[in-house]
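Proteins get letters first, then strands, A, B, ... in listed order; numbering begins at 1 in each. Being a predicted model, the structure only gives us computed values, none of them experimental.
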Amino acid sequence: MLDIRNLSKRFGRGESAVTALHEVSFSIKEGEFFTLLGPSGCGKTTLLRMIAGFEPPSGGALVLDGQDIAHTPPNRRPVNTVFQNYALFPHMTVAENVGFALGALGKRQAEIDETVGRMLDLVQLGHLAHRKSGELSGGQQQRVALARALAPKPRILLLDEPLSALDMKLRKEMQVELKRLQRETGLTFIFVTHDQEEALTMSDRIAVMSGGRFQQIAEPRDLYDQPANRFVAGFIGETNFLDGRCEGGQLILPEAEAPVPAAHDDGPVTVMVRPERVVLGAAQPGALVLQAKVEQLVYFGTDTHVHMALANGNTLVARVQNADQSDAACREGETIPVSLPGGALRLLPQEAA
Amino acid sequence: MGRSSEDHARVADTRRRWALASPALAIITLFSILPLLVVVVYSFLSPGDFGGVHWKLSFEGWFSVLFERDIFDDTVSLSDAHLTILTRSVVLSLATTVITLFLGVPTAWFIATRPQKQRAFWLLLITIPFWTNLLVRTIAVQEMIRSDGVFNRIMLGLGLIDEPIQMMFTNFALLVGMAYVFLPLMVLPVYSAIERFDFRLAEAGYDLYASRLYCLRRVILPMVRPGVIAGSILVFIPSLGAYVTPRIMGGGKSMMLGNLIEMQFGQGRNWPLGAALSLTLTALVLVALIWYSRLTGGGSRRD
Amino acid sequence: MTDKRFDVRRLPAAATLAITCFVILYIPMVILVANSFNSGKVIGDWDGVSLRWYAAALQNDAFISAGITSLILASCAALVATTTATMAALATTRTRGFKGEGTIHLVLNEPLMVPEIVLAIALVIILAQVRQFTGYNGLGYLIIAHSAFCIPFAYMPIRARLEGMDLTLETAAADLYAGRFYTFRKVTLPLLAPGILAGFALAFVVSLDDVVISDFLKAPGQDTLPTYLMGQLRRNLTSEIYAISSLLLLISVLIVVGAWLLTRKKT
C-alpha cells in the first residue's frame with residue numbers, strides 16, 4: 001500500500017548540507033506493524049516526518065495507494081501521528097481532543113460524538129471524556145493520543161517513540177495494548193523506536209537504520225538470527241565478534257584448535273555468535289573449540305553471564321541458564337574449553353570497525 | 001487558651017513578614033492610597049470660590065459628571081461636553097487597542113518565529129521604543145502629521161495638495177499618537193505567549209486534517225489568548241487614562257478624560273467635579289482589570 | 001528554496017505587517033533625530049548638518065539643571081523603591097500563606113491600578129496642605145511620590161528571582177552553622193543580586209520617564225527633563241527641543257542596547 005522510492009532528505013545547502021536520509025526504498029503491506037529501529041540521529045524520525053508531511057523530501061516518491069503524496073500537505077494525507085510528547089491540546093477536554101480531526105473535516109456533531117465514544121471505549125478511557133488533557137497521567141495521555149490519531153480512520157498510523165516517556169511497567173502494558181489495538185483495527189502501523197526489545201516484541205517487520213541508510217529490513221527472528229552486517233548484529237541483542245578467515249571452504253579462527261567447514265568465499269570474515277549459543281565444555285562435534293579463561297561471573301537471576309578472555313586477549317561472553325546448570329560449570333580464574341556449535345556461527349564480511 | 005509552640009511560631013512569622021513589608025506599604029499608603037481617599041472625600045464636597053473646596057456635603061460633583069443644570073431655569077439635561085469626552089476616551093482607547101492588535105500580533109508572531117539567534121535583535125527593536133520617553137515619542141509622531149510636518153511637506157512637494165491638511169488637534173491625531181505610543185506595549189506580552197507556544201501542537205493540528213484557519217482558530221489562538229488579552233489590557237488602560245499624548249496631539253480641542261480632570265483643578269475651577277471625574281476614570285480602569293482577571297484567572301470555559 | 005516546506009510557523013502576511021510595524025515605529029524617531037541636526041532655524045527646512053542645537057542645549061542652564069534634578073530624583077527614588085521592594089519581596093515569598101498576604105499584594109500593586117493623572121491630582125491636593133503645614137518645599141515630596149509608583153516595578157523582578165531561587169541552598173548554609181543574618185548576607189543576597197539590579201534599573205527608568213506626576217508636583221526650580229521639555233512644548237516647537245528629545249532617545253538606546261549586550265554575552 002505504501003511504496004517509498006528513492007526517498008532522500010538533505011538539510012541545508014552547499015557545503016554545510018547534511019544528508020539525513022540517503023535514497024531509501026521499501027514497501028509496507030496493508031495491515032503490517034512496521035518498525036523503524038535505530039539509534040538517535042539515524043534518520044528514522046526524519047523519515048517518519050516525511051511520511052506525515054512535515055518535511056518535504058529532497059528527492060524520491062512516497063506512493064500511497066497508487067498516488068504520490070510526497071508533496072501533499074499533512075492536513076490532506078490520510079495518515080495520522082501519535083507524537084512522542086503526545087502533543088495533546090491542553091485547552092481541550094479528552095473528548096474534544098479525540099474529536100478534533102472530525103471537527104476539522106466538518107463532520108456533524110452527532111457523528112463526532114458517536115466516534116469519540118467508540119474510540120474512548122477502544123482505549124478504555126470512556127470515564128475520562130470530560131477531563132482536561134493536562135489532568136491525566138502519562139499512560140492515560142498516551143491512550144488519548146492514540147484514540148485521537150485513530151478517530152479519523154487513517155490509512156496508516158505513525159507512532160513516534162510513543163512509549164519512551166513511560167516507566168518500565170507501563171511501557172510493557174502499552175506494548176501489549178498497542179499490539180491488541182493494531183490487531184483489532186487491522187490498521188497499518190509505522191512505529192519508530194530506538195529500543196530493540198520493543199521492536200522485536202511488537203513488529204511484523206523491522207527496518208534497522210543507521211547513518212541515514214537502511215541496514216536491513218527483516219522479520220524480528222531473521223534479524224536476530226541472520227543479521228546482515230556487524231551493525232545490525234551489534235544493535236540487536238548481545239553478540240560476540242571474533243575475527244577469522246575462510247580458505248577453501250574452511251573457517252580458520254586463530255584461537256580455535258581446529259577449523260570447521262564453512263560455506264563462504266575465501267577471505268577475512270567476522271564471526272558472530274550469540275552468548276546463549278556458546279557452550280561451556282568441549283562436547284559438541286563439528287564445533288569450534290577454544291580455550292578461555294573465566295574472568296567474571298555475573299549473576300542475572302534466570303541466567304549467569306560468563307565473561308571470558310581468549311588467548312589473544314579478545315573477550316567472549318557466554319550466557320548460561322541457571323535452571324539446568326545450577327552449580328556453575330566453572331569458577332573464576334580457571335581455564336576451560338568452550339564450544340561454538342557450527343549452527344550458531346554467522347559469518348559476516350569484515351569491515352573496518 | 002493554651003497556644004501550642006507551633007501557633008506561636010506562625011504568629012511570629014506573620015509579624016516578621018508584616019514588619020519586612022511595612023516600609024513599602026507605608027510609602028504606598030501615604031503617597032498613593034491616602035491621596036486617593038482624600039479625592040473620594042473631595043468628590044462629596046462643594047466647590048470653593050477660587051478653586052479648593054467648601055467643607056459642605058454635596059453631590060453636585062458626581063451629578064455634574066454626566067448632567068448639567070441650566071443657569072437660568074435649573075432644568076437638568078445631559079452634559080454634552082462631558083459625554084463627548086467620556087465617549088471619546090472609551091472609543092479612542094478601544095480603537096487604539098484594535099489598531100495595536102492588528103499591527104502588534106503579527107509582529108509578535110514574526111519575532112517569535114525567527115531563528116533563536118535573530119530573535120533577540122528583533123526584540124531589541126521593540127524594547128528601544130518601549131523604554132524611550134513617552135513625551136519624546138509623542139514629539140516624534142507629532143512631527144509626522146503637524147501642519148508643517150513631514151506628511152504635509154511631502155504632499156505639498158509632490159503637488160498632491162495645495163495647502164497643508166490640518167490633522168493636529170483632531171480625533172485622528174489623537175488616535176495616531178496613542179497607537180504609535182502604545183504599540184510596543186502590545187507586542188511584548190503577545191510575543192512571550194507565542195514564544196511559549198509549543199509548535200508541535202500546531203503540527204498535531206495539521207496532522208489531524210485542520211486547515212490553516214481551523215488550526216489558528218482552534219489550537220493557536222486559544223493557546224496565545226492570555227498574551228493577547230494581557231496586551232490589550234496593557235494598551236487599553238493607559239490609553240483610557242492618557243494625559244500627555246492627548247494634551248500634545250489633541251490640544252484643547254480633542255480632549256480625553258485625563259485632560260478634562262486636569263482642567264477642573266485650575267484656578268477657580270470645580271474641584272469636586274474633578275475628583276468625581278478622577279474616580280470615574282479609576283472605576284473604568286478597575287472594570288477593565290476585573291474583566292481581565294476574570295478572563296484569565298477564572299479558568300472557566302466559554303463554550 | 002526548492003523545498004516547499006509545510007511550515008507550521010508561517011502566518012500569511014505576518015512578515016509584511018511586522019516590517020510595516022517596525023517602519024512605523026522607527027521612521028518618526030529617525031526624522032526627529034535628523035531634524036535635530038538641521039542647522040537651519042525652521043524645522044524641516046534643511047540647511048545643512050550642524051550640532052548647533054546640541055551646543056545650545058548644553059549651554060542652556062535650565063536644561064542642565066533639569067538633567068541634574070532628573071538624575072538625583074531617579075537615583076533616590078529607585079534606591080528607596082528597590083530597598084523597600086526587596087524587603088517586601090522577602091516578606092511575601094517562600095511562604096505557605098500567612099495572615100494578610102492578600103492585603104499586602106493588593107497594596108503593593110495599587111499604584112499600577114490607578115491612572116497616573118488621578119494619582120497626580122490626588123497628590124497635588126494632599127501635598128498642598130502638607131506644604132503649608134510643614135513649610136518644607138524640597139525635592140523630598142517628588143522622591144517619595146516617585147518611590148511609591150516605582151515600588152511595583154522594582155518588586156516584580158525581585159520577587160520573580162526569589163521564587164525561582166533554590167531553597168535548599170539556604171538550608172545547606174544553615175546546615176553549615178551559618179546564622180540567619182550570615183546566610184542572608186552570604187547566600188541569599190548574592191543570589192538575589194541580579195533581581196535587585198533589574199528592579200533598580202526598572203525603577204530608575206520608570207522614574208526618569210515620568211511626566212505627569214513630576215509636572216503636577218514640582219515646585220519652582222524642580223523641573224526634570226520631561227517636565228522641562230513639556231514646558232518648552234507649551235511655547236514653540238524649536239530645533240532645540242528636537243535636540244533635547246534626541247538626547248533623551250540616545251539615553252534610552254544606550255541603556256537598552258547596553259543591557260542587551262550584557263545579557264547576550266552570558267548566553
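- Proximity to chain C (any heavy atom under 4.5 Å) is shown, for B/A26, by neither the backbone nor the side chain.
- Using a 4.5 Å cut-off between heavy atoms, C/F216 contacts chain B through its side chain alone, with no backbone atom that close.
- With chain B as partner, the option from C/P28, C/A81, C/S252 having the largest number of non-hydrogen pairs under 4.5 angstrom is C/P28.
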Could you give the side-chain donor-acceptor pairs of residues 108-123 of chain C under 3.5 Å, partners two or more places apart or in another chain?
{"unit_1": "C/N109", "atom_1": "ND2", "unit_2": "C/H105", "atom_2": "O", "d": "3.2"}
{"unit_1": "C/E110", "atom_1": "OE1", "unit_2": "B/S32", "atom_2": "OG", "d": "2.6"}

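- Per-residue counts of heavy-atom pairs under 4.5 Å with chain C were compared for B/G258, B/G205, B/A120, B/G149; the largest is that of B/A120.
- The part of B/Y243 that comes within reach of chain C is its side chain, from C-beta onward, which places non-hydrogen atoms under 4.5 angstrom from that chain.
- Neither the backbone nor the side chain of B/L30 comes within less than 4.5 Å of any heavy atom of chain C.
- The contact between B/R16 and chain C is made entirely by side chain atoms (from C-beta outward), counting heavy-atom distances below 4.5 Å.
- Within the 4.5 angstrom heavy-atom criterion, only side-chain atoms of B/L216, from C-beta onward, approach chain C.
- Contact annotation for residues 274-281 of chain B against chain C (heavy-atom separation below 4.5 Å, listed by residue number): B/S278, B/L281.
- With chain B as the partner, the residue from C/I126, C/L90, C/V205, C/I125 showing the most heavy-atom pairs under 4.5 Å is C/I125.
- Here C/V30 pairs with nothing under the side-chain contact (heavy atoms from CB on, under 4.5 Å) rule; sequence neighbours left out.
- In terms of heavy-atom pairs under 4.5 angstrom with chain B, the leader among C/T84, C/D209, C/N35, C/L32 is C/D209.
- Residue contact with chain C, scored on non-hydrogen atoms closer than 4.5 Å, involves the side chain of B/L286 exclusively.
- In this pair, B/F199 and B/F197 present their aromatic rings perpendicular. The plane angle is above 60°, beyond the 30 to 60° band.
- For the set B/T29, B/T14, B/V141, B/I139, the entry with the most heavy-atom pairs within less than 4.5 Å of chain C is B/I139.
- Using a 4.5 Å cut-off between heavy atoms, B/W109 touches chain C through its side chain atoms alone.
- For B/I237, no part lies under 4.5 angstrom from a heavy atom of chain C.
- With a threshold of 4.5 angstrom between heavy atoms, B/L124 approaches chain C through its backbone and through its side chain.
- Comparing C/A128, C/A88, C/A13, C/C21 by how many heavy-atom pairs each has under 4.5 Å with chain B, the most go to C/C21.
- Residues of residues 231-240 of chain C that come within less than 4.5 angstrom of chain B, heavy atom to heavy atom, are C/L233, C/R234, C/L237 in numerical order.
- The environment of CZ in C/R94 is crowded: more than 12 heavy-atom neighbours from other residues, nucleotides or ligands sit within 6.0 Å.
- You'll find the ring centres of B/W122 and B/F110 inside the 6.0 Å limit.
- Contact count versus chain C (heavy atoms, under 4.5 Å) is highest, among B/P238, B/G241, B/P23, for B/P23.
- Counting heavy atoms of neighbouring residues, nucleotides and ligands inside a 6.0 Å radius, atom CD of C/Q132 does not exceed 12 of them.
- In terms of heavy-atom pairs under 4.5 Å with chain C, the best-connected choice from B/T107, B/V244, B/T113 is B/T107.
- Among B/D148, B/L284, B/I33, the residue with the largest count of heavy-atom pairs under 4.5 Å with chain C is B/I33.
- Between chain B and the options C/G100, C/A85, C/S147, the largest number of non-hydrogen pairs under 4.5 Å is found for C/G100.
- In summary, B/R10 and B/D7 engage in a salt bridge, as defined by a charged side-chain N under 4.0 Å from a carboxylate O.
- Both the backbone and the side chain of B/L103 come within less than 4.5 Å of a heavy atom of chain C.
- Of the listed residues C/V211, C/I104, C/I251, the one with more heavy-atom pairs under 4.5 angstrom with chain B than any other is C/I104.
- Of the residues considered (B/P106, B/A242, B/G52), B/P106 shows the highest number of contacts with chain C, using heavy-atom pairs under 4.5 Å.
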